[in-house]
Protein chains: 2
Amino acid sequence: MEAMGEPKSQERYEDELRSAGMRITRPRKTILKILAEGEGHPDAMTIFHRASEIDASVSLSTVYRTMKVLEDRGAIQRHVFEGGPSRFEPAGGRHHDHLIDTETGEVIEFRSDKIEALQEEIARSRGYEIVSHRLELYVRKIRGRKR
Amino acid sequence: MEAMGEPKSQERYEDELRSAGMRITRPRKTILKILAEGEGHPDAMTIFHRASEIDASVSLSTVYRTMKVLEDRGAIQRHVFEGGPSRFEPAGGRHHDHLIDTETGEVIEFRSDKIEALQEEIARSRGYEIVSHRLELYVRKIRGRKR
DNA sequence: TTTCTTATTGCAAATGATTTGCACTTGCAT
DNA sequence: ATGCAAGTGCAAATCATTTGCAATAAGAAA
């Protein structure tokens, strides 16, 4: 049922870089491994920390540089939620939007064709075509019986 | 027909500050005048420049401090569009979302009750309640006959 | 496998937007 | 008019991210 931010294997990421003529270096391997683990929507610092546990020599700059390269190649997507640092997720799945739990920071993906259609309609009616869009719902868990 | 980001008079802004026990200083008066002119969705630097023409002594820090105060008092709203600096607009009108012309940076407001309802539904179905949300359509003007 | 070219790296310093510490002003209640 | 806390300008600090540079290491070629 999971199918939007579908994680990719480390090999898949490596191929994406290799086929773009990029070198597969030690630090990159480490970073890709972290991404392949697919733990949520990590920010650069989180990736850096996880990577450091595997190889203490990878630098934060390299994390940033690698993320940029992956983003440019379309291998990952960057999201900037309210007031926070950029967070990344594997790209390639279908487009989707996000629910951000304001208490935990957890990100939940969702998509609504109805909303997509309405957006399209709104832009068109104003004489515009959509280049990209973002819809973010900042939410709080409903406690109580609420089924 | 304009009714969402309805501009406010300088007096209105001053009252909002005064009733919050804040002093109406010279720099604040200048900044509020700029906001009252309601030219689009300016960022701090733009406000600073416009204010400087009226009173060259107002500082950028004061612009930032004033915007923060106004935001905390709920007198204005801050928006951070893709990769840009914060931009401000008078608050108080009905909630609305934005279309951002990717070529000119112009911001157009809109609202869709249908979309609002769908968002509500999506959050609820996941066991959450919406705290706030943002929907931004990055668009490009459709040229040609397209009526 | 050794060589060699150049992409990549780590580090430190630079950026850009925004915030803050501090000593000096200035609203404005008395 | 006065007094003092709120507000200000300025410079320095923050935060996330980028970049210059000299050193290092992929991986194509020999």
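Throughout, a chain's letter reflects where its sequence line sits, starting with A, and its residues are numbered from 1. Quick caveat: nothing in here was measured; it's all calculated off a predicted structure.
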Side-chain N or O of A/Arg28 closer than 4.0 Å to phosphate OP1/OP2 of D/dA26: no
Nearest-Å distance for atom pair CE/P, residues A/Met45 and D/dT18: 13 Å
Pairwise side-chain contact, B/Leu60 with B/Tyr64, heavy-atom cut-off 4.5 Å (strictly under): yes
5' priority, DNA chain C, between A/Ile24 and B/Gly84 [closest heavy atom]: A/Ile24
is_close_aromatic(B/His98, B/Phe81), centroid dist under 6.0 Å: yes
Whole angstrom value for the distance that separates C1' of C/dG27 from CG of B/Leu17: 13 Å
Options C/dT9, D/dT17, C/dG27, nucleotide nearest the side-chain atoms of A/Leu60: D/dT17
Distance below 4.0 Å between B/Lys68 side-chain N/O and C/dT18 OP1 or OP2: no
Comparing A/Met22 and B/Val58 on DNA chain D - which has the more 5′ nearest nucleotide: B/Val58
Options D/dA16, D/dG9, C/dT18, nucleotide nearest the side-chain atoms of A/Tyr64: D/dA16
d(CG, B/Asp43; C1', C/dA17) in whole Å: 10 Å
A/Thr66 side chain near A/Ile47 side chain, heavy-atom distance below 4.5 Å: no
Per A/Arg23 side chain, nearest of listed nucleotides C/dA7, D/dC10, C/dT26: C/dA7
Rounded distance in Å - CG (B/Asp55) to C1' (D/dG7): 14 Å
Touch class at under 4.0 angstrom, heavy-atom based, for B/Ser61 against every strand present: base
B/Pro85 side-chain proximity, nearest of C/dC28, D/dG9, C/dA17: C/dA17
Length of the line joining A/Arg26:CZ and D/dA26:P, which is rounded to integer Å: 8 Å
Phosphate OP1/OP2 of C/dG10 contacted by A/Thr62 side-chain N/O (<4.0 Å): yes
Position toward the 5' end of DNA chain C (nearest nucleotide), B/Arg18 or B/Ser86: B/Ser86
Sugar-phosphate only, base, or nothing, as touched by A/Arg65 at under 4.0 Å among non-hydrogen atoms: base
Atom-to-atom span, CD of A/Glu71 to C1' of D/dT17 - whole angstrom: 12 Å
Length of the CZ-P vector between A/Phe48 and D/dA16, whole Å: 13 Å
Pairing of A/Glu16 and A/Arg73 as salt bridge, 4.0 angstrom limit: no
Gap between atoms CZ and C1', on B/Arg73 and D/dA6 respectively (whole Å): 12 Å
Minimum-distance pair of heavy atoms, taken over all atoms of A/Pro85 and A/Asp43: CG-OD2, 3.5 Å
